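Quick note: residue numbers are just sequence positions, from 1. What you see is a predicted model, and the numbers here were worked out from it, not measured in a lab.
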Amino acid sequence: MVNLCAVILIPWKAIILFGGLQAVSAPLAAGRMDGNNVSSTDFTFVGLFNTKGTSGLLCAVITVIFFTALVANAVMIFLIQTDLRLHTPMYFLLSHLSFIDMTYISTIVPKMLVDYLLGQRTISFVGCTAQHFLYLTLVGAEFFLLGLMAYDRYVAICNPLRYPVLMSRRVCWMIIAGSWFGGSLDGFLLTPITMSFPFCNSREINHFFCEAPAVLKLACADTALYETVMYVCCVLMLLIPFSVVIASYARILTAVHRMSSVEGRRKAFATCSSHMTVVTLFYGAAMYTYMLPHSYHTPAQDKVLSMFYTILTPLLNPLIYSLRNKDVAGALKRALGRFRASQRVSGHVL
């Protein structure tokens with residue numbers, strides 16, 4: 001399986017190593033420790049690939065998930081931008097969701113896979129800070145965007161006559177701007193504080209990326225007040241959007257239940273249940289990580305649950321929200337038809 005990972009990843013190594021923001025930043029010569037290649041300010045990940053029997057298989061699975069998520073989200077963005085029938089508020093928001101998913105899975109997974117191939121586990125202080133900031137900003141923006149997208153679906157089903165007014169282009173841009181503002185505020189507020197604590201000598205992060213709870217365990221100072229502040233931020237960023245999602249889908253399901261068409265009810269329930277499954281996995285795993293007391297956590301559980309909202313969600317979102325949709329399937333067929341037609345024309349010219 002290690003060879004499989006190498007075959008898949010090595011051609012992409014030059015691209016993936018943009019993680020200089022995250023991990024492969026230039027080493028500081030003055031901070032080098034004698035006899036090895038690790039800076040005194042570097043952190044070391046325990047990582048996911050620390051079990052010899054399953055590390056190759058896990059690497060291969062995550063590699064496939066990563067590239068599938070990139071392709072699925074890129075296809076969604078392309079179709080929404082090029083097909084006029086998808087120029088609606090819902091798909092406008094979905095295109096931004098796909099962009100966020102592509103970006104934040106790329107802040108974590110490439111570094112992890114390349115480190116596995118190269119046999120290294122370190123990340124510089126600057127790289128860890130950048131990864132922490134990008135992750136908080138992007139995942140925070142997604143928390144808010146998913147909540148507001150649920151409101152969009154509520155308006156479309158429960159107030160269809162007012163939908164053009166309530167979800168105008170201006171409102172859509174306000175939703176996008178609000179999501180990015182909320183995520184950026186979280187990143188700018190929490191990252192400097194997290195990384196300003198003095199860290200103990202071991203500097204070994206029992207995780208696969210620089211997530212705040214795992215990094216704070218290395219702090220050689222009292223972090224109780226800061227953890228309280230972070231808890232309040234998480235209540236605002238998790239419970240409020242998740243409550244909006246629950247309330248919106250409750251109203252949607254109530255409206256759907258009153259529909260006279262049995263087939264229409266069945267399709268609507270199937271769509272809502274798949275959406276709620278993904279949203280519950282995303283918010284639920286994050287709530288466990290950031291809102292439950294430390295006594296309920298183990299490093300292994302933290303790593304598994306973090307995989308849900310950092311690795312699996314960017315794959316599931318385009319599959320559940322978009323690619324199963326008839327409008328998107330139609331747009332994909334039209335795009336493939338245009339491509340084949342252009343290929344035939346090129347063949348005739350040649």
Side-chain angles (χ1 to χ4, degrees), residues 93 96-97 99-101 103-105 107-108 129-155 166-167 171-197 207 209-217 219 222-252 275-276 278-297 302 305-306 308-310 313-314 317:
L93 299 178
H96 284 270
L97 179 66
F99 174 75
I100 292 173
D101 282 338
T103 309
Y104 90 70
I105 196 175
T107 67
I108 297 168
T129 302
Q131 189 182 66
H132 185 273
F133 170 76
L134 290 171
Y135 161 74
L136 280 181
T137 299
L138 292 164
V139 83
E142 181 149 337
F143 286 145
F144 289 116
L145 183 57
L146 283 173
L148 293 168
M149 284 172 59
Y151 168 76
D152 166 75
R153 291 297 82 209
Y154 159 72
V155 174
L166 295 177
M167 291 302 299
V171 172
C172 289
W173 277 112
M174 289 175 62
I175 287 174
I176 298 300
S179 299
W180 280 106
F181 175 77
S184 301
L185 185 64
D186 189 47
F188 279 113
L189 177 66
L190 298 183
T191 301
I193 303 175
T194 301
M195 305 308 293
S196 66
F197 284 106
H207 215 302
F209 73 104
C210 290
E211 191 166 25
V215 173
L216 287 175
K217 289 179 182 178
D222 183 11
T223 61
L225 178 60
Y226 172 56
E227 288 181 20
T228 302
V229 173
M230 189 165 63
Y231 179 83
V232 172
C233 289
C234 291
V235 168
L236 296 175
M237 294 189 62
L238 290 171
L239 283 185
I240 293 179
F242 188 59
S243 299
V244 171
V245 171
I246 295 296
S248 297
Y249 276 102
R251 295 293 298 273
I252 289 171
H275 289 189
M276 282 303 303
V278 175
V279 167
T280 301
L281 284 174
F282 185 62
Y283 284 103
M287 287 177 188
Y288 172 90
T289 300
Y290 288 96
M291 297 180 64
L292 281 184
H294 292 306
S295 57
Y296 291 88
H297 290 241
D302 286 343
L305 286 167
S306 293
F308 280 107
Y309 55 87
T310 58
T313 299
N317 277 340

Can you see which heavy atom on [X] is nearest to which on [Y], and at what distance?
X: Ala212; Y: His132; answer: CB-NE2, 3.4 Å
X: Cys210; Y: Gln131; answer: N-OE1, 2.8 Å
X: Ala141; Y: Ile100; answer: CB-CD1, 4.0 Å
X: Val171; Y: Leu166; answer: CG1-O, 3.3 Å
X: Ile175; Y: Leu145; answer: CG2-CD1, 4.0 Å
X: Ser248; Y: Ala150; answer: CB-O, 3.5 Å

About how many Å separate [atom2] of [Y] and [atom1] of [X], when rounded to the nearest 0.5 Å?
X: Phe133; Y: Asp186; atom1: CZ; atom2: CG; value: 9.5 Å
X: Ile193; Y: Glu227; atom1: CD1; atom2: CD; value: 12.5 Å
X: Leu136; Y: Met237; atom1: CG; atom2: CE; value: 7.5 Å
X: Met174; Y: Met167; atom1: CE; atom2: CE; value: 11.0 Å
X: Leu305; Y: Asp302; atom1: CG; atom2: CG; value: 7.0 Å
X: Leu138; Y: Ser179; atom1: CG; atom2: OG; value: 12.0 Å

> Within a reach of under 6.0 Å around CZ of Phe99, are more than 12 heavy atoms found that belong to other residues, nucleotides or ligands?
Replying inline: no
Measure the shortest side-chain to side-chain distance between [X] and [Y] over non-hydrogen atoms and say whether it is less than 4.5 angstrom.
X: Trp180; Y: Phe144; result: no
X: Val215; Y: Met195; result: yes
X: Met276; Y: Ile246; result: yes
X: Leu97; Y: Leu146; result: yes

> Do Tyr226 side-chain atoms and Leu190 backbone N/O form a donor-acceptor pair below 3.5 Å?
Replying inline: yes
> Has the side chain of Thr313 got a donor or acceptor atom that lies under 3.5 Å from a matching backbone atom of Phe308?
Replying inline: yes
>> Checking Leu148 against Val244 for the side-chain contact (heavy atoms from CB on, under 4.5 Å) test, could you report, in this order, the C-alpha distance in whole Å, the side-chain angles of both residues, the deciding distance, and whether it holds?
In response: CA-CA 8 Å; Leu148 293 168; Val244 171; 5.9 Å; no
> Which word best sums up how the rings of His207 and Phe209 line up, parallel for under 30°, tilted for 30 to 60°, or perpendicular for over 60°?
Replying inline: perpendicular
> Quick one: do the Tyr104 and Thr137 side chains pair a donor with an acceptor below 3.5 Å?
Replying inline: no
For residues 281-293, tabulate all N or O donor-acceptor pairs below 3.5 Å that involve a side-chain atom, not counting sequence neighbours.
from	atom 1	to	atom 2	distance (Å)
Tyr283	OH	Phe143	O	2.4
Tyr288	OH	Tyr296	O	2.9
Tyr288	OH	Gln301	OE1	2.7
Thr289	OG1	Ala285	O	3.1
Thr289	OG1	Tyr309	OH	3.3
Tyr290	OH	Tyr135	OH	3.4
Tyr290	OH	Glu211	OE2	2.9

Show which side-chain atoms of residues 229-236 pair as donor or acceptor with protein atoms under 3.5 Å away, not counting sequence neighbours.
none

